[in-house]
Amino acid sequence: MHFLRIFIFIFLLSCEDNFQEIQNINSKNILPIGITENLKLIYTDSAKVKAILYSNLNKDFTNQSFPYSEFPDGVKITFYDKDLNETIVTSDYAITYNKTNIVNLIGNVVINNFDGSELKTKQLYWDPEQEWLFTEEKFSFKNIDYDIVASRLDANRSFTIFNTGKLDGKVLVEDN
């Protein structure tokens, strides 16, 4: 009996805790197909610069079943219209989904338009094909006619079509 106790004791001492290794084997590691540092991406159409994207870090996950590209250190995008007027968009983090072509901007999102208007929010979705912006988050918008804070935004890129939820602030209205 004493021999059996010694054998069980030695057997227990020889066992290792491999729980972390087992978790690693069973987990599916998601690795990017590429990583780019200090990215400057220039988008052109008909030999004209339409936009320039700057980011300190880009992780390309287009090798996933739902492909995406991540900008964990944020982005700065400068858009140019046909008259070369600049609109600058910045955020702390961004992710673009390749299948839907939707861009999700997160954290200190700011849009400074060439006409002096400014939009600020915590999060903003952008559809570049439709040139449409939307969020359910609280936002502020200022220009020559508006100084508002509201929740929910549904607007075109030039802010000529502008729908919001409940809002507070000043709006210039012409009386005809």
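Just so you know, these numbers come straight off a predicted model, no measurement behind them.
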Partner set under ring pair (Phe, Tyr, Trp, His ring centres under 6.0 Å) for Tyr93, not counting sequence neighbours:
none
Test Phe61 against every option in Phe71, Tyr97, Tyr68 by the ring-ring contact (aromatic ring centres under 6.0 Å, His included) rule and name the one that passes.
Tyr68
For the CH2 atom of Trp132 and the CG atom of Asp154, what is their distance to the nearest 0.5 Å?
5.5 Å
Checking side-chain polar atoms at under 3.5 Å, does Thr87 have a donor or acceptor matched by the opposite partner on Asn113?
yes
Short question: side chain of Lys120, backbone of Lys142 - any donor-acceptor pair under 3.5 Å?
no
Check for a donor-acceptor pair, side chain of Ser46 on one end and backbone N or O of Lys48 on the other, with a separation under 3.5 Å.
no
Should the pair Lys122-Glu137 be classified as a salt bridge under the 4.0 Å nitrogen-to-oxygen rule?
yes
Check for a donor-acceptor pair, side chain of Thr121 on one end and backbone N or O of Lys138 on the other, with a separation under 3.5 Å.
yes
Kindly compute the distance separating OH (Tyr54) from CD1 (Ile88), expressed to the nearest 0.5 Å.
9.0 Å
For Leu124, the option from Ile111, Val110, Ile106 that meets side-chain contact (heavy atoms from CB on, under 4.5 Å):
Ile111
Are the side chain of Asn56 and the backbone N or O of Asn38 linked by a donor-acceptor pair below 3.5 Å?
no
Counterpart residues, side-chain contact (heavy atoms from CB on, under 4.5 Å), relative to Asn85 (two or more places apart):
Asp81, Asp83, Phe114
If we ignore angles and hydrogens, is there a donor and acceptor under 3.5 Å between the side chains of Asn104 and Gln123?
yes
Using modelled atom types and a 3.5 Å cut-off, is there a donor and acceptor pairing between side-chain atoms of Arg152 and backbone atoms of Glu136?
no
Could you tell me which residues satisfy salt bridge (charged side-chain N to carboxylate O under 4.0 Å, His left out) with Glu131, sequence neighbours excluded, listed by chain and number?
Arg157
Derivation and outcome, side chain to side chain donor-acceptor pair (under 3.5 Å), residues Thr36 and Asp60:
CA-CA 8 Å; Thr36 305; Asp60 182 357; over 6 Å; no
